[in-house]
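Because only heavy atoms are used, hydrogens play no part in the values below, and waters and symmetry mates are left out as well, while side chains stay in. Everything numeric in this text was worked out from a predicted model, so none of it was measured. Letters go in sequence order (proteins before strands), and every chain restarts at 1.
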Number of protein chains: 2
Amino acid sequence: MNSADLASGPCPLGRAAGIFGDRWTLLIMRNATLGATRFEQFRTGLGIADNILSNRLGKLVDAGVLTKEPYEDGNRIRSHYRITQAGVALRPVLEALAAWGHTYANPAEPTIAVRIVHLPCGLPTADGSYCDVCDTGITNEDAAWVMPWVSEEPIPLATAAVTAAPDGN
Amino acid sequence: MNSADLASGPCPLGRAAGIFGDRWTLLIMRNATLGATRFEQFRTGLGIADNILSNRLGKLVDAGVLTKEPYEDGNRIRSHYRITQAGVALRPVLEALAAWGHTYANPAEPTIAVRIVHLPCGLPTADGSYCDVCDTGITNEDAAWVMPWVSEEPIPLATAAVTAAPDGN
DNA sequence: ATTGCAAGCTTGCATAAAGGAAGCTAACAT
DNA sequence: ATGTTAGCTTCCTTTATGCAAGCTTGCAAT
(Lines give C-alpha, C1' and ligand atoms only; values in the text may rest on other atoms or scores of the structure.)
Protein backbone atom coordinates (compact mmCIF):
# COMPACT_ATOMS: atom_id res chain seq x y z
CA MET A 1 0.00 0.00 0.00
CA ASN A 2 1.11 3.47 -0.85
CA SER A 3 0.29 5.87 1.94
CA ALA A 4 -1.39 8.29 -0.48
CA ASP A 5 -4.18 5.72 -0.58
CA LEU A 6 -4.90 6.43 3.03
CA ALA A 7 -6.39 9.77 2.14
CA SER A 8 -9.23 8.07 0.30
CA GLY A 9 -10.01 5.13 2.58
CA PRO A 10 -13.13 4.73 4.67
CA CYS A 11 -11.43 5.39 8.01
CA PRO A 12 -11.70 9.07 8.91
CA LEU A 13 -8.57 8.79 11.01
CA GLY A 14 -6.72 7.34 8.05
CA ARG A 15 -7.93 10.14 5.82
CA ALA A 16 -6.89 12.77 8.34
CA ALA A 17 -3.51 11.09 8.70
CA GLY A 18 -3.18 11.15 4.93
CA ILE A 19 -3.48 14.94 5.03
CA PHE A 20 -1.54 15.75 8.19
CA GLY A 21 0.82 12.81 8.36
CA ASP A 22 4.07 14.45 7.39
CA ARG A 23 6.82 16.39 9.04
CA TRP A 24 5.50 19.88 8.46
CA THR A 25 1.77 20.01 7.98
CA LEU A 26 0.74 19.99 11.62
CA LEU A 27 3.27 22.69 12.37
CA ILE A 28 2.08 24.82 9.49
CA MET A 29 -1.44 24.50 10.90
CA ARG A 30 -0.19 25.39 14.36
CA ASN A 31 1.37 28.57 13.02
CA ALA A 32 -1.70 29.35 10.92
CA THR A 33 -3.82 28.95 14.04
CA LEU A 34 -1.48 31.38 15.78
CA GLY A 35 -2.03 33.94 13.04
CA ALA A 36 0.60 33.31 10.40
CA THR A 37 -0.73 34.02 6.92
CA ARG A 38 2.20 34.96 4.70
CA PHE A 39 4.77 32.72 3.06
CA GLU A 40 7.57 34.56 4.80
CA GLN A 41 5.95 34.17 8.20
CA PHE A 42 5.65 30.43 7.81
CA ARG A 43 9.14 30.15 6.41
CA THR A 44 10.92 32.03 9.15
CA GLY A 45 8.62 30.73 11.87
CA LEU A 46 9.24 27.11 10.94
CA GLY A 47 12.62 27.05 9.24
CA ILE A 48 11.09 25.02 6.42
CA ALA A 49 12.63 24.97 2.94
CA ASP A 50 10.91 27.22 0.39
CA ASN A 51 9.98 24.52 -2.07
CA ILE A 52 8.51 22.28 0.63
CA LEU A 53 6.54 25.16 2.11
CA SER A 54 5.20 26.08 -1.32
CA ASN A 55 4.17 22.48 -1.89
CA ARG A 56 2.55 22.08 1.53
CA LEU A 57 0.62 25.34 1.34
CA GLY A 58 -0.74 24.22 -2.01
CA LYS A 59 -1.80 20.87 -0.60
CA LEU A 60 -3.43 22.51 2.40
CA VAL A 61 -5.38 24.79 0.08
CA ASP A 62 -6.43 21.70 -1.89
CA ALA A 63 -7.44 20.01 1.34
CA GLY A 64 -9.61 23.00 2.20
CA VAL A 65 -7.94 23.98 5.45
CA LEU A 66 -6.32 27.13 4.05
CA THR A 67 -7.40 29.55 1.36
CA LYS A 68 -5.04 31.49 -0.86
CA GLU A 69 -6.20 35.04 -1.25
CA PRO A 70 -4.62 38.12 -2.79
CA TYR A 71 -4.08 41.06 -0.51
CA GLU A 72 -2.74 44.54 -1.00
CA ASP A 73 0.69 45.34 0.32
CA GLY A 74 1.03 49.01 -0.57
CA ASN A 75 0.38 49.08 -4.28
CA ARG A 76 1.39 45.54 -4.75
CA ILE A 77 -0.69 42.39 -4.77
CA ARG A 78 0.70 39.62 -2.63
CA SER A 79 -0.77 36.30 -1.52
CA HIS A 80 -1.70 35.21 1.90
CA TYR A 81 -3.08 32.01 3.30
CA ARG A 82 -5.97 32.21 5.66
CA ILE A 83 -7.37 29.40 7.74
CA THR A 84 -10.81 28.10 6.79
CA GLN A 85 -13.55 26.64 8.95
CA ALA A 86 -12.01 23.21 8.37
CA GLY A 87 -8.68 24.58 9.54
CA VAL A 88 -10.20 26.17 12.63
CA ALA A 89 -11.83 22.82 13.40
CA LEU A 90 -8.39 21.32 13.72
CA ARG A 91 -7.80 23.19 16.96
CA PRO A 92 -8.88 20.27 19.21
CA VAL A 93 -6.36 18.06 17.44
CA LEU A 94 -3.57 20.57 17.97
CA GLU A 95 -4.52 21.08 21.60
CA ALA A 96 -4.70 17.36 22.25
CA LEU A 97 -1.28 16.89 20.68
CA ALA A 98 0.16 19.77 22.68
CA ALA A 99 -1.25 18.33 25.89
CA TRP A 100 0.20 14.93 25.08
CA GLY A 101 3.55 16.43 24.16
CA HIS A 102 3.69 18.35 27.39
CA THR A 103 3.21 15.25 29.49
CA TYR A 104 4.96 12.57 27.47
CA ALA A 105 7.37 13.92 24.88
CA ASN A 106 10.97 14.29 25.89
CA PRO A 107 10.24 15.28 29.49
CA ALA A 108 13.93 15.39 30.31
CA GLU A 109 13.98 19.07 29.55
CA PRO A 110 11.65 21.32 31.51
CA THR A 111 8.33 21.43 29.76
CA ILE A 112 5.67 24.03 30.05
CA ALA A 113 2.08 23.38 29.12
CA VAL A 114 0.18 25.48 26.63
CA ARG A 115 -2.69 27.17 28.41
CA ILE A 116 -5.90 27.83 26.55
CA VAL A 117 -7.52 30.98 27.85
CA HIS A 118 -11.07 32.15 27.30
CA LEU A 119 -10.61 35.81 26.35
CA PRO A 120 -13.94 37.14 27.69
CA CYS A 121 -13.09 36.01 31.22
CA GLY A 122 -9.33 35.77 30.77
CA LEU A 123 -9.17 32.45 32.57
CA PRO A 124 -7.44 29.26 31.49
CA THR A 125 -9.62 26.30 30.57
CA ALA A 126 -9.24 22.63 31.26
CA ASP A 127 -10.67 21.56 27.98
CA GLY A 128 -10.20 24.12 25.21
CA SER A 129 -13.72 23.67 23.94
CA TYR A 130 -15.68 24.79 26.99
CA CYS A 131 -15.26 27.46 29.67
CA ASP A 132 -16.53 26.16 32.98
CA VAL A 133 -16.44 29.63 34.49
CA CYS A 134 -18.55 31.29 31.80
CA ASP A 135 -20.48 28.10 31.04
CA THR A 136 -20.09 28.59 27.29
CA GLY A 137 -18.40 26.89 24.42
CA ILE A 138 -15.15 28.38 23.20
CA THR A 139 -14.60 29.27 19.57
CA ASN A 140 -11.41 30.55 18.00
CA GLU A 141 -12.91 34.06 18.16
CA ASP A 142 -12.61 34.18 21.92
CA ALA A 143 -9.74 31.81 22.57
CA ALA A 144 -6.03 32.43 22.96
CA TRP A 145 -3.02 30.24 23.64
CA VAL A 146 -0.43 31.07 26.25
CA MET A 147 2.91 29.55 25.30
CA PRO A 148 5.04 30.46 28.28
CA TRP A 149 8.36 29.60 26.63
CA VAL A 150 7.58 32.40 24.17
CA SER A 151 5.76 34.87 26.37
CA GLU A 152 3.11 35.01 29.05
CA GLU A 153 1.05 37.10 26.67
CA PRO A 154 -1.97 35.18 25.35
CA ILE A 155 -1.83 34.83 21.56
CA PRO A 156 -5.30 35.18 20.05
CA LEU A 157 -6.19 32.49 17.54
CA ALA A 158 -6.90 33.03 13.88
CA THR A 159 -10.51 32.89 12.83
CA ALA A 160 -11.96 31.36 9.69
CA ALA A 161 -11.50 33.26 6.44
CA VAL A 162 -14.82 32.13 5.02
CA THR A 163 -17.64 30.06 6.38
CA ALA A 164 -16.51 27.26 4.11
CA ALA A 165 -18.67 24.27 3.52
CA PRO A 166 -16.93 21.16 4.80
CA ASP A 167 -15.59 20.47 1.35
CA GLY A 168 -12.18 18.94 1.17
CA ASN A 169 -11.59 20.02 -2.41
CA MET B 1 16.10 23.60 10.13
CA ASN B 2 15.96 19.86 10.04
CA SER B 3 12.64 18.58 11.24
CA ALA B 4 14.29 16.16 13.65
CA ASP B 5 15.13 19.25 15.69
CA LEU B 6 11.45 19.70 16.32
CA ALA B 7 11.41 16.76 18.66
CA SER B 8 13.65 18.59 21.11
CA GLY B 9 12.26 22.13 20.97
CA PRO B 10 10.36 23.85 23.73
CA CYS B 11 6.95 23.64 22.05
CA PRO B 12 5.13 20.50 23.19
CA LEU B 13 3.16 20.47 19.96
CA GLY B 14 6.39 20.58 18.00
CA ARG B 15 7.81 17.72 20.03
CA ALA B 16 4.67 15.64 19.52
CA ALA B 17 4.75 16.42 15.80
CA GLY B 18 8.39 15.31 15.76
CA ILE B 19 7.27 11.90 17.00
CA PHE B 20 4.00 11.44 15.13
CA GLY B 21 4.60 13.60 12.08
CA ASP B 22 5.10 10.97 9.44
CA ARG B 23 2.95 8.83 7.22
CA TRP B 24 2.63 5.79 9.40
CA THR B 25 3.09 6.54 13.06
CA LEU B 26 -0.41 7.76 13.81
CA LEU B 27 -1.86 4.76 11.98
CA ILE B 28 0.37 2.37 13.88
CA MET B 29 -0.89 3.94 17.10
CA ARG B 30 -4.48 3.66 15.88
CA ASN B 31 -4.01 -0.04 15.28
CA ALA B 32 -2.18 -0.49 18.57
CA THR B 33 -5.08 1.22 20.31
CA LEU B 34 -7.41 -1.21 18.56
CA GLY B 35 -5.43 -4.14 19.92
CA ALA B 36 -2.72 -4.92 17.40
CA THR B 37 0.46 -6.11 19.10
CA ARG B 38 2.35 -8.30 16.64
CA PHE B 39 4.50 -7.32 13.69
CA GLU B 40 2.34 -9.33 11.36
CA GLN B 41 -0.86 -7.69 12.60
CA PHE B 42 0.51 -4.21 11.96
CA ARG B 43 1.91 -5.22 8.63
CA THR B 44 -1.22 -6.76 7.20
CA GLY B 45 -3.51 -4.24 8.88
CA LEU B 46 -1.65 -1.27 7.44
CA GLY B 47 0.00 -2.53 4.27
CA ILE B 48 3.26 -0.94 5.41
CA ALA B 49 6.62 -2.18 4.14
CA ASP B 50 8.49 -4.47 6.53
CA ASN B 51 11.58 -2.33 6.90
CA ILE B 52 9.55 0.81 7.60
CA LEU B 53 7.39 -0.98 10.14
CA SER B 54 10.45 -2.37 11.88
CA ASN B 55 11.96 1.10 12.01
CA ARG B 56 8.75 2.76 13.25
CA LEU B 57 8.08 0.20 15.95
CA GLY B 58 11.63 0.75 17.20
CA LYS B 59 11.14 4.50 17.28
CA LEU B 60 7.83 4.16 19.07
CA VAL B 61 9.47 1.96 21.68
CA ASP B 62 12.20 4.59 22.05
CA ALA B 63 9.52 7.28 22.37
CA GLY B 64 7.92 5.28 25.17
CA VAL B 65 4.51 4.74 23.60
CA LEU B 66 5.03 1.04 22.93
CA THR B 67 7.00 -1.63 24.75
CA LYS B 68 8.64 -4.60 23.12
CA GLU B 69 8.08 -7.72 25.16
CA PRO B 70 8.79 -11.38 24.52
CA TYR B 71 5.86 -13.72 24.58
CA GLU B 72 5.47 -17.42 24.16
CA ASP B 73 4.01 -18.74 20.96
CA GLY B 74 3.93 -22.47 21.61
CA ASN B 75 7.50 -23.29 22.51
CA ARG B 76 8.87 -20.35 20.69
CA ILE B 77 9.63 -16.85 21.92
CA ARG B 78 8.27 -14.10 19.75
CA SER B 79 8.03 -10.36 20.26
CA HIS B 80 5.00 -8.25 20.66
CA TYR B 81 4.48 -4.57 21.08
CA ARG B 82 2.14 -3.39 23.78
CA ILE B 83 0.88 0.13 24.26
CA THR B 84 2.14 2.01 27.32
CA GLN B 85 0.47 4.64 29.44
CA ALA B 86 1.91 7.29 27.13
CA GLY B 87 0.42 5.43 24.19
CA VAL B 88 -2.96 5.13 25.85
CA ALA B 89 -2.83 8.88 26.51
CA LEU B 90 -2.76 9.44 22.78
CA ARG B 91 -6.38 8.37 22.47
CA PRO B 92 -7.77 11.95 22.64
CA VAL B 93 -5.50 12.90 19.75
CA LEU B 94 -6.67 9.96 17.66
CA GLU B 95 -10.30 10.65 18.47
CA ALA B 96 -9.95 14.34 17.64
CA LEU B 97 -8.32 13.47 14.34
CA ALA B 98 -11.00 10.91 13.56
CA ALA B 99 -13.72 13.46 14.33
CA TRP B 100 -12.03 16.03 12.11
CA GLY B 101 -11.55 13.54 9.31
CA HIS B 102 -15.18 12.52 9.46
CA THR B 103 -16.39 16.07 9.00
CA TYR B 104 -13.75 17.58 6.77
CA ALA B 105 -11.62 15.03 4.95
CA ASN B 106 -12.71 14.01 1.49
CA PRO B 107 -16.42 14.14 2.23
CA ALA B 108 -17.26 13.28 -1.38
CA GLU B 109 -17.50 9.66 -0.42
CA PRO B 110 -19.98 8.69 2.28
CA THR B 111 -18.33 9.03 5.63
CA ILE B 112 -19.27 7.38 8.84
CA ALA B 113 -18.18 8.72 12.20
CA VAL B 114 -16.33 6.63 14.72
CA ARG B 115 -18.48 6.25 17.81
CA ILE B 116 -16.86 6.01 21.20
CA VAL B 117 -18.93 3.83 23.48
CA HIS B 118 -18.69 3.51 27.23
CA LEU B 119 -18.75 -0.23 27.79
CA PRO B 120 -20.38 -0.25 31.25
CA CYS B 121 -23.48 1.47 29.89
CA GLY B 122 -22.99 0.60 26.24
CA LEU B 123 -23.87 4.11 25.12
CA PRO B 124 -21.99 6.35 22.73
CA THR B 125 -20.33 9.43 24.15
CA ALA B 126 -20.01 12.93 22.80
CA ASP B 127 -16.56 13.46 24.12
CA GLY B 128 -14.56 10.24 24.50
CA SER B 129 -13.22 11.26 27.88
CA TYR B 130 -16.45 11.51 29.84
CA CYS B 131 -19.74 9.60 29.94
CA ASP B 132 -22.59 11.99 30.62
CA VAL B 133 -24.97 9.12 31.31
CA CYS B 134 -22.81 7.43 33.96
CA ASP B 135 -21.23 10.71 35.04
CA THR B 136 -17.73 9.22 35.02
CA GLY B 137 -14.51 9.62 33.17
CA ILE B 138 -13.74 7.07 30.49
CA THR B 139 -10.47 5.18 30.41
CA ASN B 140 -9.30 2.73 27.77
CA GLU B 141 -10.37 -0.09 30.11
CA ASP B 142 -14.04 0.69 29.58
CA ALA B 143 -14.04 2.31 26.17
CA ALA B 144 -14.60 0.85 22.72
CA TRP B 145 -14.69 2.27 19.23
CA VAL B 146 -17.42 1.48 16.76
CA MET B 147 -16.11 1.79 13.22
CA PRO B 148 -19.24 1.12 11.19
CA TRP B 149 -17.45 0.65 7.87
CA VAL B 150 -15.79 -2.38 9.48
CA SER B 151 -18.56 -3.65 11.73
CA GLU B 152 -21.19 -2.41 14.16
CA GLU B 153 -19.42 -4.42 16.82
CA PRO B 154 -17.64 -2.17 19.36
CA ILE B 155 -13.91 -2.85 19.39
CA PRO B 156 -12.51 -2.66 22.93
CA LEU B 157 -9.39 -0.57 23.27
CA ALA B 158 -6.00 -1.81 24.34
CA THR B 159 -4.93 -0.99 27.86
CA ALA B 160 -1.51 0.01 29.06
CA ALA B 161 1.14 -2.70 29.33
CA VAL B 162 2.79 -1.15 32.33
CA THR B 163 2.00 1.87 34.46
CA ALA B 164 4.90 3.64 32.82
CA ALA B 165 6.22 6.83 34.22
CA PRO B 166 5.82 9.64 31.68
CA ASP B 167 9.32 8.99 30.51
CA GLY B 168 9.94 9.35 26.80
CA ASN B 169 13.09 7.26 26.90
C1' DA C 1 18.12 56.49 -12.87
C1' DT C 2 20.41 52.82 -11.00
C1' DT C 3 21.13 49.86 -7.16
C1' DG C 4 19.49 47.24 -3.72
C1' DC C 5 16.15 44.71 -1.27
C1' DA C 6 12.00 41.99 0.30
C1' DA C 7 8.13 38.77 -0.72
C1' DG C 8 6.82 34.91 -2.97
C1' DC C 9 7.80 31.84 -5.68
C1' DT C 10 10.25 28.07 -9.16
C1' DT C 11 14.16 25.24 -10.65
C1' DG C 12 18.11 22.19 -10.19
C1' DC C 13 20.72 19.24 -7.70
C1' DA C 14 22.25 16.39 -3.45
C1' DT C 15 20.80 13.67 0.34
C1' DA C 16 17.49 11.16 3.18
C1' DA C 17 13.36 8.50 3.71
C1' DA C 18 10.00 5.28 1.91
C1' DG C 19 8.60 1.26 -0.96
C1' DG C 20 9.28 -3.42 -2.85
C1' DA C 21 11.33 -7.68 -3.07
C1' DA C 22 14.30 -11.07 -1.55
C1' DG C 23 16.74 -13.51 2.02
C1' DC C 24 17.46 -15.28 6.75
C1' DT C 25 16.33 -17.85 11.12
C1' DA C 26 13.90 -20.64 14.41
C1' DA C 27 10.34 -23.47 15.34
C1' DC C 28 6.67 -25.80 14.15
C1' DA C 29 3.41 -28.88 10.76
C1' DT C 30 3.19 -32.41 6.83
C1' DA D 1 13.00 -33.72 4.04
C1' DT D 2 10.00 -29.92 2.73
C1' DG D 3 7.23 -26.24 3.51
C1' DT D 4 5.39 -22.49 6.39
C1' DT D 5 4.95 -18.59 9.47
C1' DA D 6 6.57 -14.62 12.35
C1' DG D 7 9.78 -11.33 12.60
C1' DC D 8 13.18 -9.36 10.98
C1' DT D 9 17.41 -7.48 7.84
C1' DT D 10 19.52 -6.26 3.34
C1' DC D 11 19.60 -4.52 -1.18
C1' DC D 12 17.90 -1.63 -4.59
C1' DT D 13 14.69 1.78 -6.68
C1' DT D 14 11.66 5.64 -6.18
C1' DT D 15 9.97 9.56 -3.79
C1' DA D 16 10.43 13.28 -0.49
C1' DT D 17 13.12 16.63 1.69
C1' DG D 18 16.80 20.14 2.07
C1' DC D 19 19.71 23.65 0.23
C1' DA D 20 21.09 27.07 -2.90
C1' DA D 21 20.32 29.85 -6.70
C1' DG D 22 17.45 32.43 -9.70
C1' DC D 23 13.34 35.09 -11.12
C1' DT D 24 9.82 38.84 -10.82
C1' DT D 25 7.53 42.86 -9.03
C1' DG D 26 7.42 46.92 -6.74
C1' DC D 27 9.31 50.06 -3.37
C1' DA D 28 13.07 52.60 -1.11
C1' DA D 29 17.53 54.64 -0.90
C1' DT D 30 21.56 56.73 -3.41
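The main-chain N or O of A/Asp135 is found under 3.5 Å from a side-chain atom of A/Tyr130 such that the two form a donor-acceptor pair. With hydrogens and angles ignored, the 3.5 Å screen pairs a side-chain donor or acceptor of B/Thr103 with a backbone N or O of B/Ala99. Checking side-chain atoms of A/Thr67 against main-chain N and O of A/Arg82 turns up a donor-acceptor pair under 3.5 Å.
The nearest heavy atom of DNA chain D to A/Lys59 and to A/Arg78 marks one nucleotide each, and the one closer to the 5' end goes with A/Lys59. Across the interface with DNA chain C, nearest-nucleotide mapping of B/Ile52 and A/Arg76 shows A/Arg76 to be the residue nearer the 5′ end. The 5' end of DNA chain D is approached more closely, in terms of each residue's nearest nucleotide, by B/Ser54 than by the other of B/Ser54 and A/Asp50. Heavy-atom distances to DNA chain C give each of A/Asp73 and A/Asn55 a nearest nucleotide, and the one nearer the 5′ end belongs to A/Asp73.
Nucleic acid contact for B/Arg43: none, since no nucleic acid atom lies under 4.0 Å from a heavy atom of the residue. If you check every strand for non-hydrogen atoms under 4.0 Å, A/Phe42 touches nothing.
Across the protein-nucleic acid pair, A/Arg38 atom CZ and D/dT25 atom P stand 20 Å apart, rounded to whole Å. If you take CZ of A/Arg23 and C1' of C/dA18, they are 10 Å apart, rounded to a whole angstrom. The interatomic distance linking B/Glu40 (CD) with D/dA6 (C1') rounds to 6 Å, in whole Å. The interatomic distance linking A/Leu46 (CG) with C/dG8 (C1') rounds to 16 Å, in whole Å. Here C/dA17 presents its P atom at 17 Å from CG of B/Leu53, a figure rounded to the nearest Å. Atom-to-atom, CD1 of B/Ile77 to C1' of D/dG7 comes out at 14 Å; the value is rounded to the nearest Å. Remark: C1' of C/dA26 and CD of B/Glu72 are 15 Å apart, rounded to the nearest angstrom. What separates CZ of A/Phe39 from P of C/dT10 is a distance of 8 Å, to the nearest Å.
In this structure, B/Trp24 does not reach the C/dA17 phosphate: none of its side-chain N or O atoms is under 4.0 Å from OP1 or OP2. Between A/Tyr81 and C/dA7, a side-chain N or O to OP1/OP2 separation shorter than 4.0 Å is absent. Residue A/Tyr71 has no polar side-chain atom (N or O) positioned under 4.0 Å from OP1 or OP2 of C/dA7.
When each of C/dA27, D/dC8, C/dA7 is scored by its nearest atom to the side-chain atoms of B/Asn75, the top-ranked nucleotide is C/dA27.
Remark: B/Arg56 engages B/Asp22 in a salt bridge, criterion side-chain N to carboxylate O under 4.0 Å.
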request  = Start with the C-alpha gap between B/His118 and B/Thr136, add the side-chain angles, then the distance that decides, and say whether side-chain contact (heavy atoms from CB on, under 4.5 Å) holds.
outcome  = CA-CA 10 Å; B/His118 186 218; B/Thr136 30; 3.7 Å; yes

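One can find a donor-acceptor pair under 3.5 Å joining the base of D/dG18 and the side-chain atoms of A/Asn51.
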